[in-house]
Amino acid sequence: MRVLVVEDEAALVKYLVAGLRRHGFAVDVAADGAAALEKCAVTPYDVVVLDRDLPVVHGDTVCRRLAEDGTARILMLTASGSVADRVEGLGLGADDYLGKPFAFSELVARVQALARRTAPARPPVLRAADVVLDPARRTAERGGLLLQLTPKEFGVLEQLLAARGDVVSAETLLDKVWDEHADPFTNAVRITVGTLRRKLGEPPVVETVTGAGYRISRCT
């Protein structure tokens, strides 16, 4: 899942980015409203975590424009958690609202819930033959044995299982699992798929479709 954090407080940005990445999200950052709008114009984010009080372009304006575009779910953050502020924020087009300070576990749960609304409906637990992945619990197993996957390996497997046998291009995997610092010409996807295949074991689960991408093997 691709998340944009829009926040100008450096310490909070560091906290949010580190925590969200630990939970497997690909995270980009914008320090002001103008930068947020520029990034959203070129990247299809699943969720935007948006501080309300932003420099350059106010968070309210950013929220309204993103809501009009309708491509990402918006979780608005604010120092004020009053009912009136929550109602106003939701009226601007935010999908959810969280007052500061907040419990990080609640933030993660809200981001995950919003991301599920963005994506096509799919089962809470993803399966293909004896491979089972639980996005909420961040666990993956094969044949009942727990797999020790890195966040990127987990993200790639999640995207492939969610596609239900359809081909997923390397570009899509790079967009959904990596962040804006990933080199589009990198071999990161190919290398990650290779290590994932080794951890999944035999018979092969991930199939390469030459010139198109990857999919869960039809023999699983």
Side-chain angles (χ1 to χ4, degrees), residues 1-82 84-119 150-152 155 171-186 188-189:
M1 297 178 191
R2 191 79 174 265
V3 176
L4 176 65
V5 171
V6 190
E7 170 63 60
D8 64 329
E9 186 181 335
L12 181 55
V13 169
K14 185 176 179 180
Y15 172 70
L16 290 172
V17 170
L20 289 169
R21 284 178 177 164
R22 279 198 303 272
H23 283 81
F25 295 101
V27 185
D28 296 340
V29 176
D32 60 66
L37 291 172
E38 289 175 3
K39 292 191 175 188
C40 288
V42 297
T43 302
Y45 292 103
D46 297 297
V47 179
V48 175
V49 178
L50 177 67
D51 184 45
R52 190 168 185 183
D53 188 15
L54 291 171
V56 187
V57 177
H58 195 273
D60 288 359
T61 301
V62 175
C63 183
R64 192 178 297 108
R65 291 185 186 176
L66 294 182
E68 289 172 355
D69 184 54
T71 57
R73 299 295 181 178
I74 304 166
L75 172 58
M76 183 173 277
L77 302 180
T78 181
S80 175
S82 70
D85 280 323
R86 290 198 299 271
V87 170
E88 185 177 6
L90 294 171
L92 291 167
D95 298 280
D96 202 355
Y97 197 99
L98 190 59
K100 302 176 184 177
F102 50 82
F104 196 80
S105 58
E106 181 180 4
L107 172 73
V108 170
R110 288 174 182 265
V111 170
Q112 289 173 332
L114 290 176
R116 286 195 295 270
R117 290 192 216 169
T118 305
T150 67
K152 293 293 184 285
E171 291 78 10
T172 297
L173 291 174
L174 195 66
D175 182 61
K176 291 294 186 181
V177 182
W178 278 260
D179 59 30
E180 65 185 340
H181 300 295
D183 182 349
F185 302 104
T186 183
V189 173

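Here, residue 1 is the first one in the sequence, and each next residue gets the next number. Quick caveat: nothing in here was measured; it's all calculated off a predicted structure.
In this pair, Phe104 and Tyr15 present their aromatic rings perpendicular. The plane angle is above 60°, beyond the 30 to 60° band.
With hydrogens and angles ignored, the 3.5 Å screen pairs a side-chain donor or acceptor of Asp95 with a backbone N or O of Ile74. The backbone N or O of Arg2 lies less than 3.5 Å from a partner atom in the side chain of Asp46, making a donor-acceptor pair.
Atom OG1 of residue Thr43 and atom CG of residue Leu4 lie 8.5 Å apart, to the nearest 0.5 angstrom. Taken to the nearest 0.5 Å, the NE2 atom of His58 stands 13.0 Å off from the CG atom of Asp32. Separation of atoms CG (Leu16) and CZ (Arg21) is listed at 11.5 Å; rounding is to 0.5 Å. In this structure, CG on Leu20 lies 11.5 Å from CE on Met1, to the nearest 0.5 angstrom. Atom OG1 of residue Thr61 and atom CG of residue Leu92 lie 8.5 Å apart, to the nearest 0.5 angstrom. Here the straight-line distance linking atom CG of Asp60 with atom CG of Leu54 works out to 9.0 Å at 0.5 Å rounding.
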Salt bridge (Lys or Arg N to Asp or Glu O under 4.0 Å) between Lys39 and Asp28, intermediate numbers included: CA-CA 9 Å; Lys39 292 191 175 188; Asp28 296 340; over 6 Å; no

Test side chain to side chain contact (heavy atoms under 4.5 Å, CB included) applied to Asp179 and Val29, step by step: CA-CA 10 Å; Asp179 59 30; Val29 176; over 6 Å; no

Stepwise salt bridge (Lys or Arg N to Asp or Glu O under 4.0 Å) test for Glu7 and Lys100: CA-CA 13 Å; Glu7 170 63 60; Lys100 302 176 184 177; 3.2 Å; yes

Derivation and outcome, side chain to side chain contact (heavy atoms under 4.5 Å, CB included), residues Asp53 and Thr78: CA-CA 7 Å; Asp53 188 15; Thr78 181; over 6 Å; no

Derivation and outcome, salt bridge (Lys or Arg N to Asp or Glu O under 4.0 Å), residues Glu106 and Arg110: CA-CA 6 Å; Glu106 181 180 4; Arg110 288 174 182 265; 2.7 Å; yes

CA sep, side-chain torsions, deciding dist, call: Asp96, Arg73, salt bridge (Lys or Arg N to Asp or Glu O under 4.0 Å): CA-CA 8 Å; Asp96 202 355; Arg73 299 295 181 178; over 6 Å; no

Steps toward side chain to side chain contact (heavy atoms under 4.5 Å, CB included) verdict (Val6, Asp51): CA-CA 6 Å; Val6 190; Asp51 184 45; 5.8 Å; no

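Cys40 places a side-chain heavy atom less than 4.5 Å from the side chain of Val48. Residues Leu50 and Leu77 have side chains not in contact (no heavy-atom distance under 4.5 Å, counting atoms from C-beta outward).
The local environment of CZ in Arg22 is sparse, with at most 12 non-hydrogen atoms from other residues, nucleotides or ligands closer than 6.0 Å.
Scanning both residues, Trp178 and Leu173, for their nearest heavy atoms gives CE3-O, 3.5 Å. Nearest heavy-atom pair, Cys63 versus Gly93, reported as atom, atom and distance to 0.1 Å: SG-C, 3.9 Å. The two residues Val3 and Tyr45 come nearest to each other via the heavy atoms C-CD2, 3.8 Å. Val177 and Ala26 make their closest contact through O-CB, 3.4 Å (heavy atoms, listed as atom of the first residue, atom of the second, distance). Between Leu12 and Phe102, the shortest heavy-atom distance links the atoms CD1-CZ, 4.4 Å.
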